[in-house]
Structure formats: structure tokens, C-alpha cells
2 protein chains.
Amino acid sequence: MKTILNTPIALKLSACIGLSEHELEILGQLLKQSREIRVGQDLVQQGETNQAAFILMSGWVCSYKIQADGTRQIVDFQIPGDFLGVRSVLFHTSDHNIEPITEVEVCEILIPRLLDTFAQHPRLAMALLWALSRDEAMVVEHLVNIGRRNPAERMAHFLLELGARLSLIGAGSKTGFTCPLTQPLLADALGLSAVHVNRVLRQLREVGMATFRDGQVVFDNYDRLVAFADFDSSYLDQAGPLLT
Amino acid sequence: MKTILNTPIALKLSACIGLSEHELEILGQLLKQSREIRVGQDLVQQGETNQAAFILMSGWVCSYKIQADGTRQIVDFQIPGDFLGVRSVLFHTSDHNIEPITEVEVCEILIPRLLDTFAQHPRLAMALLWALSRDEAMVVEHLVNIGRRNPAERMAHFLLELGARLSLIGAGSKTGFTCPLTQPLLADALGLSAVHVNRVLRQLREVGMATFRDGQVVFDNYDRLVAFADFDSSYLDQAGPLLT
DNA sequence: CGATTGCTTGAATCTATTCAAGCACTGTGG
DNA sequence: CCACAGTGCTTGAATAGATTCAAGCAATCG
């Protein structure tokens, strides 16, 4: 039996909700043995049925939708501790693709036992609902980002959100974080061309707000970046209310 | 006691899930007496706590986020039969505003009795989860729309989605629908300027695909519009799988 | 070692925004 | 009852901004 204490998912839920060790152990029992996925080997494909849900244990993946003309929109990047493919399970069929960015380790969630567990541990059910609501809040924020912020603000907001998420699982700080994303990936996430992503990154670097180079994001001036991007992290780390 | 048979919410759920009349009656018992809201009187404000959730019985509203510089992004329009403010309840505090576009009638959902009901009628719980997943799928599609489609395709896709949603509740068809949205509202939803919305609408009209005039959307050539917008409605009317 | 991918930069083009102005309609207060 | 302000729709002209095209460089991988 695996323990999930001291894993990213435990860190995340503890930071936001404060589940007991016992409850975390129960959650751990819903996880099948972990599986490794290599780059180039997709987890979920658009249109697939009978899909499983996962928790990401290590590595980064991205969820995206692809269009007829070949362009794609990355909906979100998932980092350790995040759920994968929950909507695909509810919908029975996946409306998006999930692709690993780095080597990845996932645990499959045992759906059949989920409902029983929820009956016995309602706080866990609420924790799941809270986590899903948080995911939706991130998509909404992403929408605002693309719809109403200019490219530089958009990039700044994106880097800050990622930094805040990584901080919760101990993989980032107000100084910066290690980041495996490429400029083409950023372009597909932010609705820009890869060339323009490059220019925007240079811009942020030249004004001394943030530097992204060699797989490292450095916040050169965190407070100024927050002000510039109009960033408010409360949707990321706010405790759920029905859990008090 | 109100009945919710023959209301938009019943039409929507019946089209997609097939709840029994009995189950719909149970759902109806979760609804407090309906309330009317005038234009200019907001339902939910960003940052408010202890918010309630509603079902929209008649009229249109929009959910939006507002930024420091005054620009806003409309996340979605809600039409009769849609849920309002569910995420605000789960998060205890609202991260967005909800504003009526027309005169509106809402029913408040009695949250305390919700959990009991779910224990006795698990199909209803799944129906709610399905509806919430559908909402999230719409936000994701909206994201793709703004991120990776040009303004004309964006408008076309938006009108088609709205038409499909309205068809489910008997308020639209492949011919068109009545639509209370103004060009400034469309601009805030699609991430464009109001001026450009006007030009894009003219463009769609001139090539004979769709006409939006005097509060009426007319699909002049439905099939061509669908091809142009790369529109696939399966995320809107697909039956949930766990409900078979 | 050739092929692929990502990063970087410049120049030309295209596209959406902004600014400006006129028109129609609605509701308000003198 | 009418003048006026506010809002939405429409169009043209100027501007700002992102994309596309093109090219060179570095690193990685078969």
C-alpha cells in the first residue's frame, strides 16, 4: 500500500483545506499503482471513450484542443498534485487531448470505489469538488487573460499563476521556479505566435520584471510584476468554505 | 409547491439525460419561491461572501470578471435552465459578477437540503455534476474560441453555440433565434472592440452566412456557417455516461 | 553527420484598435 | 412638450500592434 503523505497532492490539499493524515491515507487507497509515461505517448486523445482519471504524481502535462486547421489551444498545464481527465470520465468521452511535456508519473483513480468513499468521508468529497472548482476558476482566469490582457500582461500573469501553483507543492517561490515549457508551448497556451512570445519575454527581461532562460523563470521584481499583471492569487489558495 | 415540468431546466435535462417526471419533481422541491430581478440590479458581485446558487427560470444574464483598468471579460451568458453561482457557493466567495441583461426570474437552490437529496436520488447528483461539467466544457470552448479563432470565426462559433443551447430549451432553431445581446456585450465576451464587432457582423451578413439585426439572429446558411466556424455541438447535447 | 527543434532577430504585411463623427432611439428633467 | 444626455449602431481614417516570412544559430537525436 502506497502512502500519499508528502506527495504534491497532499501538500496542495493540506495548504488549502487541511485534511487529516487519516483522510489523506483514505485518499491514497483510491489510487492504483503508479504508471510512467514517456514524452510523445499521449495520456488522453480527443474523442476517446471510457477514459480513466488520474492524479499527476510527478512531471508536467498539458491539456489542449486541436482544430481542423491544425492550430491548437492549450487549456491548461498540469503540475504534480493536479487531477487529470475528470471531465472525460463524467462525459464518458474526452473533448480534449492530454500530452506529457516531461517524463510523467500518474496514479489512476479507482472510480467505482469513489462513491463509497464519499459516503463515508464527505470531507473528501468536498475536497474533490473544491479542487475541481479551483481548476474551473483557473480556466476562467485563463480566459480573462487571453481575452482582455495584452501579450506582456498575459505572459506576466501566466508566469505568476504558475509560480503560485508551484509554491503550494514546494516547487517554486517568489524568486522563481524551474520550468520545462518551451516558447511554442507558451504560444499555444497564450494565443500568440512563437515569435511574439520570444519578443514579449525579451520585453519583460529588459524592463527588469522577469527572466525566462534555460528552463528557469526568475522573478526579477515580484511586486512590480504583480502590479503589472493585475494578479490576485486568491482563487488559487483560498480554503473551501463548506469544509470548516 | 411549484412544478418544474415544462420549464427550461426540465427541457434541458430531459434532452440530455432523461430524468423521470418524479425525479424532476424532487428537483423542483429544492427550489425556493422564484424572485424577479430588474436590469441594473446585480445578482452577484465579485468578492461577496455567503452567496446563494440559483436556477435561471426566464431572461438572460451574463457572468463576467472586471479588471483594474475597467475592461471586463464576459465569461458566459446564461439562458433559462442554466445554473448560476454554483462555484461561488463552493468557494464561499464569488470570483465574478453576475448581471442581468433582461428582466430575469430566478429560483434559489436550497443548499442544505441538497446533500440529503443526493443520497436518496443519486441520479440527480449525477445530473448536477453533468450540468456543471457541461458548463466547464463551454468555458473551455470559449477559451479556444478567443485564443485560436479569428474574429469572424469566433463570432460564427459563438452564435452557433448560443443557437444550439437555445434549441434545447425550445427558444431557437437552425433558422435563428431572438437575441437581446448588444454589440458592446458581444465585444466583452469575444475579446474584441465594439467597433470591430460591428464590422465582423457586417462581414458575416455580406457573405450570406448570418444576420444579426434588431435583436434577431438569422442563420442565412447554417451548414456553411458550421463549416466556417469549425463547430461541433457534441459538447452541448451529449448524454452523460454514468446515467445509463 | 544530416535532420529536427527551439531560440533569436529584422523587415514587410496584415489586422484590430483607437479616434472621430453622424444617426437613431430612449428616458429624464425643465 | 421639448431639449438634452445616454446608449447603441454604423462608417471612415489613422495608428498601433501581432503575424508572417525569412534567416542564422545552437543543441539534440537518430
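We name chains A, B, ... by the order of the sequence lines, and we start the count at 1 in each one. In what follows, every heavy atom counts, from backbone to side chain, and hydrogens, waters and symmetry copies are set aside.
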In whole angstroms, the gap separating P of D/dT7 from CG of B/L185 amounts to 13 Å

note: B/I101, atom CD1; D/dG8, atom C1'; distance rounded to Å ~ 15 Å

Side-chain donor-acceptor pair under 3.5 Å between A/E161 and A/Y235, yes or no? yes

Rounded to whole Å, CG of A/L201 lies from P of D/dA18 at a distance of 13 Å

Rounded to whole Å, the CG-P distance (A/L190 to D/dT19) equals 11 Å

For D/dT10, does either OP1 or OP2 sit under 4.0 Å from a side-chain N or O belonging to B/R213? yes

Picking from D/dT10, C/dT8, C/dG6, the nucleotide nearest the side-chain atoms of A/T182 would be C/dG6

Between A/T178 and A/Q216, is any side-chain donor less than 3.5 angstrom from a side-chain acceptor? yes

Closest of D/dT19, D/dC9, C/dT18 to the B/Q183 side chain is D/dC9

Original post:
Do A/F212 and A/F177 have ring centres separated by under 6.0 Å?
Top reply: no

From the candidates D/dA22, C/dC19, C/dA16, the one with an atom nearest any side-chain atom of B/V195 is C/dC19

The nucleotide from C/dT17, C/dC7, D/dT11 with an atom nearest the side chain of A/N198 is C/dC7

Problem - Distance-only polar pair, side chains of B/E99 and B/Y64, donor-acceptor under 3.5 Å - result: yes

B/R202 CZ to D/dG8 P, in whole Å, measures 20 Å

Do B/T211 and B/D220 pair up side chain to side chain, a donor and an acceptor below 3.5 Å, judged on atom types alone?
yes

Separation of D/dT19 atom P from A/N150 atom CG, nearest Å, is 12 Å

Per nearest nucleotide of DNA chain C, the residue lying toward the 5' end, A/P184 or A/R199, is A/P184

Here the distance between atom P of C/dG6 and atom CG of A/D188, to the nearest Å, is 10 Å

From CG of A/L192 across to P of D/dT20 the rounded distance in Å is 11 Å

